[in-house]
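Worksheet for the structure shown next.
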Protein chains: 2
Amino acid sequence: MINSNFCIILLFENESMSNCIKDISHTSAFSHLTNTETNILERNKTTITYKKNEYIIKQGTFANNILFIKKGLAKLFIEGNQKRIILTIKMADNFLGLSSLYYDKKLYLYSASVLEDCEIDLYDKQAFKHVLSQNVDFANEMIKFLNHNSARIYSRLLCVTEKNARGKVADMILCLANNIFGCFEFTIPLSRQELAEFAGLSMENTIRILKEFENDKLIKLKGKDFKIINPEMLERISEYG
Amino acid sequence: MINSNFCIILLFENESMSNCIKDISHTSAFSHLTNTETNILERNKTTITYKKNEYIIKQGTFANNILFIKKGLAKLFIEGNQKRIILTIKMADNFLGLSSLYYDKKLYLYSASVLEDCEIDLYDKQAFKHVLSQNVDFANEMIKFLNHNSARIYSRLLCVTEKNARGKVADMILCLANNIFGCFEFTIPLSRQELAEFAGLSMENTIRILKEFENDKLIKLKGKDFKIINPEMLERISEYG
DNA sequence: CTATAATATTGATTTAAATCAATAAAAATT
DNA sequence: AATTTTTATTGATTTAAATCAATATTATAG
């Protein structure tokens, strides 16, 4: 189940590349804990494995856990009345559900499900909050992660409102390359429908635009195997074209 | 300059009303500070008055301050290459710029400008962070505010992607009534262009839909004076109509 | 109190993207 | 391996919303 494609073309550390914001590792937070605090968390933790397509978090349910992805790949998405929108793809070493930490309605704000089999630590929220209320460095790390997430959502909101369909698809491809896979050649564990939900378009339109990009020799596409040939041009399309 | 309209029709505390999330007062945070900490903040504070249309925060500039609105009304917006989107309207007793607190790029993620003359406390970010790194209750309050904000942005993102134009306008009107003015009759300090940026539509379309709503006796509209006549129907339109 | 500029409104037209419909390909099941 | 089901693709059509254009109203400046 694990994605085994090689990364043939390396990426430069180019900040300006697409509007999508790169994830940061959340493991750093744990280094701020004392032994006692680590023990508290350990004692209030269960590790669960989730299989492909299983729900990890269901939007609107009571947020009783803070989750930490140890292995695998998950998609985060918002479910509306008639549509869904994929917020981002989360990989190992990332917390899930942080934004429900102190949100007064105590509900998960988004759903998460498995793309590649996951191993996830579930921390009891009360215990987590207890540690948080004792350790200011830990709390500050959480603020950092939350803000990083905010930055992503803001740029997402802008993307959705101002880009045209081609721009959205180009942006999505660059986002996957730069920030999820860190590589110009990848196999994506998403269906066409899910790609559409990620781009915020209809499936048919998404497919059509992908074909267009292929015809224009910007990408190579075979099923779920992507290869980016002309990232500069994609970049240009992304910022309106 | 201060909005002096009366609130003739009171609102019920109805959670389900529109997707827009009501602001919470941020003053509570200060009660967690010790005298020393309060002094640190006071010594690193300037109070500035801003006049109508002035920029308070400019997106992309270095985030050197954490701001607190003491008086007035401000709009928060994201500026893209070709469009802007108004995120929300912020009133007194609210922090601005919290999401740049620990964001590693150290830039403001959005812009803010004045709708009704503002009196704003500017705290030096370093001093603010210093207090934050000492006082865990204060830090936890910040997490609460940030999460509240995340909840709003998520619901905004969903609104923008899944609602049609009428739904967006209905949602905006309900949001203004329920969460900004807390009242079914209000005078809105926004131009038609700004209303359009709030709804995420073109100005012409926004105006047309407002007229439609007026013809259908859902609202009464005279320049910038709004009166909501049929909130239930607006509610229904908001969730797809 | 005009003149000028800015904002708002209305109508006609265009266009981009969604939807609908048919078919093809792939995956899963027997 | 054959059948069924699901997913993907392509083309035709519709539609909602943007754009363009003209005019009206309101605000601002002289």
Side-chain angles (χ1 to χ4, degrees), chain A residues 1 51-53 75 80-86 113 115 159-172 187-216 219-226 237-238 240-241, chain B residues 1 51-53 75 80-86 113 115 159-172 187-216 219-226 237-238 240-241:
Chain A
M1 273 292 171
K51 297 226 171 300
K52 172 108 182 156
N53 291 326
K75 65 168 178 175
N81 285 336
Q82 40 267 325
K83 278 186 187 172
R84 333 173 120 184
I85 178 160
I86 295 182
S113 71
L115 294 176
C159 173
V160 160
T161 29
E162 87 167 357
K163 285 196 207 307
N164 66 6
R166 282 166 59 89
K168 285 175 190 173
V169 174
D171 195 68
M172 172 179 67
T187 300
I188 200 174
L190 294 174
S191 69
R192 294 295 191 259
Q193 180 55 46
E194 286 174 310
L195 283 178
E197 285 166 10
F198 201 4
L201 297 170
S202 72
M203 183 179 63
E204 295 91 328
N205 209 15
T206 306
I207 290 172
R208 245 182 288 264
I209 290 163
L210 285 172
K211 250 307 118 63
E212 253 177 74
F213 286 175
E214 210 182 0
N215 292 337
D216 297 349
I219 59 167
K220 246 186 170 175
L221 183 57
K222 203 186 196 180
K224 293 181 180 356
D225 299 328
F226 278 71
I237 291 168
S238 161
Y240 223 96
Chain B
M1 272 294 168
K51 297 227 172 298
K52 172 108 183 158
N53 291 327
K75 65 167 177 176
N81 285 336
Q82 41 266 326
K83 278 187 187 173
R84 328 172 124 187
I85 179 159
I86 295 182
S113 72
L115 293 177
C159 175
V160 159
T161 28
E162 86 165 356
K163 285 196 207 305
N164 67 5
R166 282 166 59 88
K168 285 175 190 174
V169 175
D171 194 69
M172 173 179 66
T187 301
I188 200 173
L190 294 174
S191 69
R192 293 296 192 258
Q193 181 55 47
E194 287 174 309
L195 282 178
E197 285 165 9
F198 201 4
L201 297 170
S202 74
M203 184 180 61
E204 295 92 326
N205 209 14
T206 306
I207 291 172
R208 246 182 287 265
I209 290 163
L210 285 173
K211 250 308 117 63
E212 251 177 75
F213 286 174
E214 211 183 358
N215 292 338
D216 297 348
I219 59 167
K220 247 187 169 172
L221 184 57
K222 203 187 195 181
K224 292 182 182 353
D225 299 327
F226 278 71
I237 291 168
S238 160
Y240 224 96

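Chain identifiers are assigned alphabetically (A, B, ...) following the order of the sequence lines, protein sequences preceding nucleic acid strands; residue numbering begins at 1 within each chain.
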Rounded to the nearest angstrom, tell me the gap between atom [atom1] in [X] and atom [atom2] in [N].
{"X": "B/E162", "N": "D/dA17", "atom1": "CD", "atom2": "P", "value": "13 Å"}
{"X": "A/N53", "N": "D/dT6", "atom1": "CG", "atom2": "C1'", "value": "13 Å"}
{"X": "A/E212", "N": "D/dT10", "atom1": "CD", "atom2": "P", "value": "12 Å"}
{"X": "B/L195", "N": "C/dT9", "atom1": "CG", "atom2": "P", "value": "10 Å"}
{"X": "B/Q193", "N": "C/dT9", "atom1": "CD", "atom2": "C1'", "value": "14 Å"}
{"X": "B/L221", "N": "C/dT9", "atom1": "CG", "atom2": "C1'", "value": "12 Å"}
{"X": "A/I207", "N": "D/dT9", "atom1": "CD1", "atom2": "C1'", "value": "6 Å"}
{"X": "A/I209", "N": "D/dA8", "atom1": "CD1", "atom2": "C1'", "value": "16 Å"}

Are there any protein N/O atoms within less than 3.5 Å of an N/O atom in nucleotides 19-22 of chain D, and if so, which ones and at what distance?
residue	atom	partner	partner atom	Å
D/dT19	O4	B/R208	NH2	3.2
D/dC20	N4	B/E204	OE2	3.2

Can you confirm whether A/S238 sits close enough to A/K163 that some side-chain heavy atom of one is under 4.5 Å from a side-chain heavy atom of the other? yes

Under the side chain to side chain donor-acceptor pair (under 3.5 Å) rule, collect the residues that match up with A/D225, sequence neighbours excluded. A/T187

By side chain to side chain donor-acceptor pair (under 3.5 Å), which residues pair with A/E214, not counting sequence neighbours? none

Just how large is the angle between the end axes of the helix from C/dC1-D/dG30 to C/dT30-D/dA1, five pairs per end, to 10 degrees? 50°

Which listed nucleotide (C/dA17, D/dT9, C/dA8) is nearest to the side chain of B/R192? C/dA8

Please name all residues satisfying side-chain contact (heavy atoms from CB on, under 4.5 Å) with [X], sequence neighbours left out, ordered by chain then number.
{"X": "A/E204", "value": "A/S202, A/R208"}
{"X": "A/N81", "value": "B/E162, B/E239"}
{"X": "A/I209", "value": "A/A165, A/R166, A/V169, A/L201, A/N205, A/E212, A/F213"}

Write down the atom of A/D171, the atom of A/C159, and the distance for their closest heavy-atom approach. OD2-SG, 3.7 Å

For C/dA8, does OP1 or OP2 lie under 4.0 Å from any side-chain N or O of B/K211? no

Ignoring backbone atoms, test whether A/K224 places a side-chain nitrogen or oxygen under 4.0 Å from the OP1 or OP2 oxygen of D/dA8. yes

The criterion is salt bridge (Lys or Arg N to Asp or Glu O under 4.0 Å); which residues satisfy it with A/E194, sequence neighbours excluded? A/K75

Applying salt bridge (Lys or Arg N to Asp or Glu O under 4.0 Å), can you list everything that pairs with B/R84, at least two apart in sequence or on another chain? B/E79

Base, sugar-phosphate or nothing for B/K168? Non-hydrogen atoms, less than 4.0 Å. nothing

